[in-house]
Asks: 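I have a structure here, written as C-alpha cells, and I will follow up with some questions on it.
Throughout, a chain's letter reflects where its sequence line sits, starting with A, and its residues are numbered from 1.
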Amino acid sequence: VITKDQQAFMNVILDAYNRHQIPPDVAKKLLQEQYSAEENFLLLTEMATSQVQVLVEFTKHIPGFLSLDHEDQIALLKGSAVEASFLRSAQVFSSKMPNGHTEVLEERIRKSGISEEFMTPMFNFYKTIGELHMVEEEQALLTAITIMTPDRPYVKDQQAVERLQEPMLDVLRKLCALHHPHEPQYFARLLGRLTELRTLNHYHAEMLTSWRMN
Amino acid sequence: PASNLGLEDIIRKALMGNLEE
C-alpha cells in the first residue's frame, strides 16, 4: 500500500518531471529536415545543453536535494547528467510521436557522426526501455533515483544522498507491484536498466571524442 | 555559445539561476 505521504512525495517528483521538459521551440528544430552536418552537430549540442538545464531544474525539486552540500549537488548532477539524459531520450523514443517523427529523429542521430559501435548500444537501450512500458510515475522516479545515486565521484556525504534515495526506491518498488502485479521481477528489471545506463555513461566520453573527430 | 561550455559550467549556471522566475 502506498501511504498518503508517499503519494504526496511522488506527486512532487512527477509534477516537477512533467513541468521540466525540453522547450518545444528547441525540440521542434530537431524535426526540420534540411540540415548540414555542421548544423546537425550544433543542434544536437544545443539539445544536450538544454537537456542538462532542464535536468537541473527538475533536480532542484527532488525533495531534500537543495539541503545537500552545494558541491555534492554538483557532483551528483555531473555524475548523473549523461545517464538521466539517456533515460529521458529513451522515454521520448518510446513515447507515441506523430507519424514519421521517430524516423526523422532516429535518422538525425544516426547521421550525427557518432560511430556505429556506440550507436548500437544506445538504440538497444532505447528499445529495452520502450519494452518496459513504464507509467509516468515510474519514469519520473527512476530518473530521480538515477540522479540521487550516492556513489558518484566526488560526493562527500554519501549517507545524506542515500537517505534521500531510499524513500524513492521504496515508493518505486510499491508502484511496480501495484502497476505490474503479474510481473514480480518488474522492479528488478527497472534496476537492471540502471546498470545498463552506467555502461552507456562509461562509453559516453569515448563517444564524444569520436563524434568531435568525425 | 553553449557548445563551448563544459558540463560543470552548465550545471553551476543552472543551479545558480532560476529559470522559473
Asks: How long is the straight-line distance from CG of B:L7 back to NE2 of A:H204, given to the nearest 0.5 Å?
Replies: 8.5 Å
Asks: Taking all non-hydrogen atoms of both residues, which atom of A:V52 and which atom of B:I11 are closest, and how far apart?
Replies: CG1-CG1, 3.9 Å
Asks: Considering all heavy atoms of both residues, which atom of A:E57 and which atom of B:A14 are nearest to each other, and what is their separation?
Replies: OE2-O, 3.6 Å
Asks: Near A:K156 NZ, under 6.0 Å, is it more than 12 heavy atoms from other residues, nucleotides or ligands?
Replies: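 Enclosed: over 12 neighbouring heavy atoms sit under 6.0 Å from NZ of A:K156.
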Asks: Give me the contact list for residues 69-80 of chain A versus chain B, heavy atoms only, anything under 4.5 Å, ordered by residue number.
Replies: A:H70, A:E71, A:Q73, A:I74, A:L77, A:K78
Asks: Taking atom CD as the centre, does A:E131 end up with more than 12 heavy-atom neighbours from other residues, nucleotides or ligands that are less than 6.0 angstrom away?
Replies: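 It does: A:E131 CD has more than 12 such atoms within range.
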Asks: Are more than 12 heavy atoms from other residues, nucleotides or ligands located less than 6.0 Å from atom CD of A:E103?
Replies: yes
Asks: Would you say A:F9 has more than 12 foreign heavy atoms packed within less than 6.0 Å of its CZ?
Replies: yes
Asks: Which residues from residues 141-153 of chain A are near chain B, with near meaning under 4.5 Å between non-hydrogen atoms?
Replies: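 Listed by number, there are no contacting residues, so the answer is none.
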